[in-house]
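Presented below is the structure to which this report refers.
Note that the coordinates shown come from a computational prediction; the quantities given were computed from them, not determined experimentally. As the structure lists them, so they are numbered: ligands from 1, and atoms in each ligand from 1.
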Amino acid sequence: MIVAEGLTKRFGDTAAVSDVSFTVQPGKVTGFLGPNGAGKSTTMRMIVGLDRPTAGHVTVNGAPYRTSRAPLTEVGVLLDAKAVHTGRSARSHLRAIAATHGLPKSRVDEVIDLTGIGSVARRRAGKFSLGMGQRLGIAAALLGDPQTLILDEPVNGLDPEGVRWVRQFVRYQAAQGRTVLLSSHLMSEMSLTADHVIVLGRGRVLADAPLDELVAAWTATTVLVRTPRPSELVEALSTAGVTVTTPETGVLHVEGVTAAAIGDTAAAAGIPLHELTPTAGSLEDAYLALTGDAVEYRTADVTDPHQEQS
Ligand SMILES: Nc1ncnc2c1ncn2[C@@H]1O[C@H](COP(=O)(O)OP(=O)(O)OP(=O)(O)O)[C@@H](O)[C@H]1O
Ligand SMILES: [Mg+2]
């Protein structure tokens, strides 16, 4: 369990993290989301004592990480996968870290196998591709078989097989009762991986909720309805709070009322339905709605060049 209370970090005039409080529960994968510069990495660095909070405090399993006598067995961290001695092989890099905790060489071989870098383990880590380096960083985080995993953008640069492996691996770790905090900007991947999400924006907590609750709260469920008598159904549904759009003839997109209520209304009016499909919003929709005002580095709108010419 990770508990942050009033965590604050200023770098000169920059308020990187402002009065952030949260609890990361064991037995769940907690996704850490937020726009670029929101303060995710800074928060993670404070959790493991690499940045000293300006105010507030954070504990891992009840104590500050710095006081842990065998930190690798307590917390596995991936913050910057490039933080390796470039001239050393992946294997000697891992062996050097393992030696600080008296972990056996067999454990090094295990994490090399687990992360799939066996064929390159004797090569210089400085020559690794982005994804290979990322796998090496994950291997280092796993060395001490820790109760808590903190992974900053672990799937960044991984190929699809690696992305899926990370997803399955962290879900398995959480199922075993471990605490997992991971950041990522890949919303579709996060929606498959996380049980709970904490969203930061400009250094503050914007949301801290189970993934499905967050999506339900920040997106509208649209019900797709297919009927041969659309105008009668629109008429029957026309009450306050219900919006209906007609993307094509015979198809309605209805917001503001449940699929069950639409079915009941149609039945009462004797209107046949050929399809009734509720579609929940996505994590990406919820995230964009939630962080709209907190984005610091906004990109320009992309207009379809074909439209511009006409
Ligand atoms: N060592 C530092 N010195 C000065 N400012 C810093 C330092 N580290 C981070 N910052 C600033 O703190 C803010 C938060 O940065 P942080 O790296 O925590 O964001 P992030 O949420 O991890 O973003 P990203 O999604 O881009 O990784 C940014 O404004 C950043 O410029
Ligand atoms: Mg970051």
Side-chain angles (χ1 to χ4, degrees), residues 2-24 29-58 60 65-66 75-84 130-131 133-138 140-141 148-158 162-163 166 170 180-191 193-194 196-209 211 214 218 283-300:
I2 303 170
V3 180
E5 282 168 359
L7 213 48
T8 299
K9 180 68 186 180
R10 305 185 67 83
F11 293 105
D13 288 344
T14 310
V17 176
S18 306
D19 194 18
V20 160
S21 301
F22 58 77
T23 299
V24 183
V29 175
T30 300
F32 205 24
L33 313 181
N36 291 136
K40 303 177 297 295
S41 298
T42 304
T43 301
M44 286 174 155
R45 292 173 60 82
M46 286 193 281
I47 296 172
V48 293
L50 289 171
D51 274 337
R52 191 185 288 274
T54 309
H57 47 88
V58 58
V60 182
Y65 177 80
R66 278 167 183 273
V75 185
V77 198
L78 168 68
L79 283 171
D80 177 4
K82 291 206 182 66
V84 294
L130 174 62
Q134 205 68 8
R135 286 169 187 257
L136 176 58
I138 296 171
T148 304
L149 279 172
I150 298 173
L151 307 173
D152 197 4
E153 300 188 38
V155 301
N156 182 23
L158 288 192
V163 171
V166 169
V170 298
V180 181
L181 177 66
L182 88 164
S183 72
S184 174
H185 291 295
L186 303 177
M187 292 302 124
S188 53
E189 184 53 32
M190 195 55 106
S191 66
T193 310
H196 193 97
V197 284
I198 297 172
V199 186
L200 288 192
R202 296 183 192 270
R204 294 181 184 277
V205 177
L206 300 179
D208 179 349
L211 186 117
L214 182 102
W218 286 87
L283 177 61
E284 182 178 82
D285 293 336
Y287 171 88
L288 291 173
L290 190 55
T291 59
D293 295 334
V295 174
E296 288 186 63
Y297 307 100
R298 193 177 296 281
T299 43

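- Taking atom 12 (O) of ligand 1 as the reference point, the nearest protein heavy-atom neighbour is Ala16 CB, 3.2 Å.
- Considering backbone and side-chain atoms together, Asn36 places an N or O closer than 3.5 Å to an N or O of ligand 1.
- Using a 4.0 Å threshold on non-hydrogen atoms, atom 7 (C) of ligand 1 counts as touching the protein.
- With a heavy-atom cut-off of 4.0 Å, Glu153 touches ligand 1 through its side chain alone.
- Geometrically, ligand 1 and Phe11 share no nitrogen or oxygen pair separated by less than 3.5 Å.
- Considering backbone and side-chain N/O of Gly37, one or more are found under 3.5 Å from N/O of ligand 1.
- Here the protein contributes Ser41 OG as N, O or S atoms under 2.8 Å from the Mg ion (ligand 2).
- Using a 4.0 Å cut-off to heavy atoms of His185, the atoms of ligand 1 that qualify are 25 (O).
- Considering each of Asn156, Thr42, Asp13, Leu79, the one bringing a non-hydrogen atom nearest atom 15 (O) of ligand 1 is Thr42.
- Residue contacts with ligand 1, taken as heavy atom pairs separated by less than 4.0 Å, do not involve Leu200 at all.
- Backbone and side-chain nitrogen or oxygen atoms of Gly34 are examined, and none is located within less than 3.5 angstrom of a nitrogen or oxygen of ligand 1.
- In terms of polar-atom proximity, Thr14 is not counted as a contact of ligand 1, lacking any N or O under 3.5 Å from an N or O of the ligand.
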